[in-house]
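Presented below is the structure to which this report refers.
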Amino acid sequence: MPCRPAISSLSLGLPSVHALPPRLDQAAHRGLDIELFHDEILEIAKQFATDGQESDHDNQVKAAHTIRAMCDERDLKIVCLQPFRHYEGLKDREEHQRRIEEMRLWIRLVEILGIDLIGIPSSFLGEDEASADMDLIISDLREIADMGAPHRLRFSYEALCWGTHIDTWEKSWEVVCGVDRPNFGICIDTFNLAGRVFADPAADNGLTPNAEAAMKLSMQRLQEMLEVGKLFWVQVVDAKKLDKPLREEHPYYVDGQPSRMSWSRNCRLFYGEEDLGGYLPVKKVLDVLVNHFQFRGCVSAELFNKSLADTRAEVPEEHATRAAQSFNKLAKDYGLI
């Protein structure tokens with residue numbers, strides 16, 4: 001098998017709505033590894049809360065053991081824990097130290113879970129909280145790379161398309177090169193890449209200016225600049241083209257929230273779901289990663305969508321079925337799986 005197919009635990013249903021065991025059953029039934037969201041640990045940790053007699057950290061440790069047992073029972077591999085969000089470039093350095101202590105907990109959690117990879121998305125805190133100082137951003141991320149090295153942990157940095165200062169793959173690659181540690185690499189997410197370069201949900205036509213040309217140039221730079229050994233993780237999803245721009249009158253609009261973030265939470269689709277409105281140039285990204293660089297590693301379907309909050313018991317099975325169909329199409333198009 002050239003690549004390992006995986007799915008985000010949240011892409012099978014929200015943990016606050018759908019219990020984890022049925023979602024893991026669906027992943028196991030279809031031979032999918034699990035990209036575990038920290039939200040799952042926090043949700044299960046609630047079961048161990050007892051009048052404050054034990055710390056939140058202790059309860060998270062218990063939750064990690066519980067999830068590991070669930071996955072072992074199903075012969076499921078967990079490939080990543082994420083997202084360790086809003087970490088790099090904090091202006092409040094006391095908060096930075098608190099996050100360092102939280103990373104110590106995460107290191108303990110991933111060792112329990114049998115994981116060697118932690119996902120870090122770029123911060124989308126306001127500019128009053130998150131510094132644009134690239135030296136500080138790099139220094140912060142190098143600090144946790146060095147923390148994880150003795151534990152043989154890797155870290156994968158991803159540019160969110162609504163990130164405050166790091167919102168393109170090029171900027172995240174600059175960070176990775178600046179950190180310059182063998183255990184610190186990049187995650188390429190087809191949604192976040194194309195959702196910044198090619199798509200703009202707030203635009204009348206759903207596109208950035210000169211979208212096709214901008215995408216072509218970005219892919220040329222990707223071929224020229226990326227070192228495939230630093231590509232730790234690939235996420236493959238599409239997104240729906242909206243009928244009207246995501247501005248104030250749109251039902252997905254949230255005051256103060258970036259339009260791309262609102263779009264991401266409500267409208268992602270699995271690869272190959274053009275019939276549902278998918279329009280991102282996902283194949284252009286995969287042509288570079290798979291055909292040019294011959295990437296062979298974990299390929300994850302990380303889908304967020306309003307459908308995940310649907311309370312019907314069938315939701316995990318429906319999303320797992322769609323994910324399996326998507327991976328079958330990937331296998332046909334690229335021989336990936």
Side-chain angles (χ1 to χ4, degrees), residues 6-8 10-11 35 37 80 82-88 117-125 130 137 141 155-176 184-203 206-208 211 214-219 221-222 225-226 230-242 246 252 257-271 273 278-290 293 295 297-305 308 326:
I7 188 167
S8 165
L10 259 66
S11 300
E35 169 194 320
F37 258 63
C80 177
Q82 70 126 341
F84 192 74
R85 60 168 69 94
H86 298 323
Y87 162 71
E88 75 279 20
L117 183 64
I118 291 175
I120 305 176
S122 62
S123 175
F124 53 94
L125 290 174
I137 289 171
L141 291 166
F155 299 86
S156 186
Y157 189 58
E158 174 186 2
L160 300 181
C161 60
W162 62 91
T164 307
H165 301 297
I166 309 297
D167 59 353
T168 64
W169 79 262
E170 289 95 335
K171 290 178 182 177
S172 63
W173 181 244
E174 181 183 351
V175 170
V176 169
F184 194 88
I186 193 171
C187 169
I188 297 290
D189 179 324
T190 59
F191 170 84
N192 279 310
L193 190 156
R196 179 64 182 84
V197 177
F198 180 85
D200 181 358
L207 300 173
T208 58
M215 191 69 190
K216 182 177 180 180
L217 286 173
S218 185
M219 292 302 94
R221 289 193 293 271
L222 188 61
M225 296 167 58
L226 186 70
K230 285 285 191 178
L231 178 58
F232 286 177
W233 183 21
V234 171
Q235 295 168 324
V236 180
V237 284
D238 202 337
K240 180 181 179 180
K241 188 171 186 178
L242 300 176
L246 208 163
Y252 298 153
Q257 182 167 286
S259 59
R260 285 182 170 94
M261 182 176 176
S262 302
W263 179 49
S264 172
R265 290 185 170 182
N266 288 281
C267 301
R268 291 201 193 193
L269 298 170
F270 290 109
Y271 172 83
E273 293 190 325
Y279 76 113
L280 297 181
V282 176
K283 288 185 175 181
K284 292 184 184 297
V285 183
L286 292 178
D287 283 343
V288 175
L289 300 183
V290 177
F293 283 112
F295 172 76
C298 181
V299 176
S300 177
E302 187 185 73
L303 174 136
F304 306 112
N305 194 286
L308 298 170
S326 174

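- Considering only residues two or more places apart in sequence or on other chains, Lys241 meets the side chain to side chain contact (heavy atoms under 4.5 Å, CB included) condition with Tyr279.
- Glu273 pairs by the side chain to side chain donor-acceptor pair (under 3.5 Å) definition with Arg322, not counting sequence neighbours.
- Inter-residue side-chain proximity for Leu242 and Tyr252 is flagged as met; some heavy-atom pair is nearer than 4.5 Å.
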Quiz item: Is there a ring pair (Phe, Tyr, Trp, His ring centres under 6.0 Å) between Phe304 and Trp263 once you walk through the steps?
Solution: CA-CA 9 Å; Phe304 306 112; Trp263 179 49; over 10 Å; no
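- One distance of note links CD1 of Ile166 with CD1 of Ile120; it measures 12.5 Å at 0.5 Å rounding.
- Nearest heavy-atom pair, Cys161 versus Asn192, reported as atom, atom and distance to 0.1 Å: N-OD1, 3.1 Å.
- Interatomic distance, CD1 of Ile137 versus NE2 of His165, reported as 6.0 Å (0.5 Å rounding).
- For the pair Phe191 and Asp238, the minimum side-chain heavy-atom distance is 4.5 Å or more.
- Shown here are the side chain to side chain donor-acceptor pair (under 3.5 Å) partners of Arg221, two or more places apart in sequence or in another chain: Glu170.
- In Lys230, the NZ atom is crowded: over 12 heavy atoms of neighbouring residues, nucleotides or ligands sit closer than 6.0 Å.
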Quiz item: Would Val176 and Leu141 satisfy side-chain contact (heavy atoms from CB on, under 4.5 Å), going step by step from the backbone distance to the final call?
Solution: CA-CA 9 Å; Val176 169; Leu141 291 166; over 6 Å; no
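- The shortest distance between side-chain heavy atoms of Leu193 and Thr168 does not fall below 4.5 Å.
- Applying the side chain to side chain contact (heavy atoms under 4.5 Å, CB included) criterion to Ser259, with sequence neighbours excluded, gives Asp200, Pro201, Ala202, Leu246.
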Practice problem: Using the side-chain contact (heavy atoms from CB on, under 4.5 Å) rule, take Ser156 and Leu117 through it: C-alpha gap first, then chi angles, then the decisive distance, then the call. | Solution: CA-CA 7 Å; Ser156 186; Leu117 183 64; 3.9 Å; yes
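- Across every non-hydrogen atom of Asn266 and Ser262, the tightest pair is ND2-O, 2.8 Å.
- When only modelled atom types and interatomic distance are considered, Ser123 and Glu88 share no side-chain donor-acceptor pair under 3.5 Å.
- Applying the ring-ring contact (aromatic ring centres under 6.0 Å, His included) rule to Trp169 yields no partners; only residues at least two apart in sequence or on another chain are considered.
- Of all non-hydrogen atoms in Thr208 and Arg196, the two that sit nearest each other are CG2-O, 3.6 Å.
- In this structure Arg260 satisfies the side chain to side chain donor-acceptor pair (under 3.5 Å) test with no other residue, sequence neighbours excluded.
- Put simply, the side chain of Trp233 never gets that close to the backbone of Ser300: no donor and acceptor are under 3.5 Å apart.
- How far CD1 of Ile186 is from CZ of Phe232: 10.5 Å, rounded to the nearest 0.5 Å.
- Among residues two or more places apart in sequence or in another chain, the ring-ring contact (aromatic ring centres under 6.0 Å, His included) test is passed with Phe155 by none.
- Remark: Leu231 CG to Cys187 SG distance equals 8.0 Å, nearest 0.5 Å.
- With sequence neighbours left out, Glu302 forms a salt bridge (charged side-chain N to carboxylate O under 4.0 Å, His left out) with Arg268.
- Counting only heavy atoms from C-beta outward, the side chains of Phe270 and Ile7 approach each other to under 4.5 Å.
- Between Leu280 and Thr190, every side-chain heavy-atom pair lies at or beyond the 4.5 Å cut-off.
- Residues that satisfy the side chain to side chain contact (heavy atoms under 4.5 Å, CB included) test with Pro258, not counting sequence neighbours, are Trp162, Met261.
- Contact between Gly278 and Leu269 at its shortest, heavy atoms only, is N-CD1, 3.4 Å.
- Checked by atom type and distance alone, the side chain of Ser122 never pairs as donor or acceptor with a backbone atom of Asp167 at under 3.5 Å.
- A search for side chain to side chain contact (heavy atoms under 4.5 Å, CB included) contacts involving Thr164 returns Phe124, Glu127, not counting sequence neighbours.
- A distance of 6.5 Å separates CD in Gln82 from CD in Glu158, rounded to the nearest 0.5 Å.
- Within the 4.5 Å cutoff, no side-chain heavy atoms of Gln235 are placed close to those of Ile188.
- Proximity of a side-chain donor or acceptor of Asn305 to a complementary backbone N or O of Leu308 within less than 3.5 Å is not detected.
- A distance of 9.0 Å separates CG in Leu160 from CZ in Arg85, rounded to the nearest 0.5 Å.
- By the side chain to side chain donor-acceptor pair (under 3.5 Å) test, Tyr271 pairs with Asp333, sequence neighbours left out.
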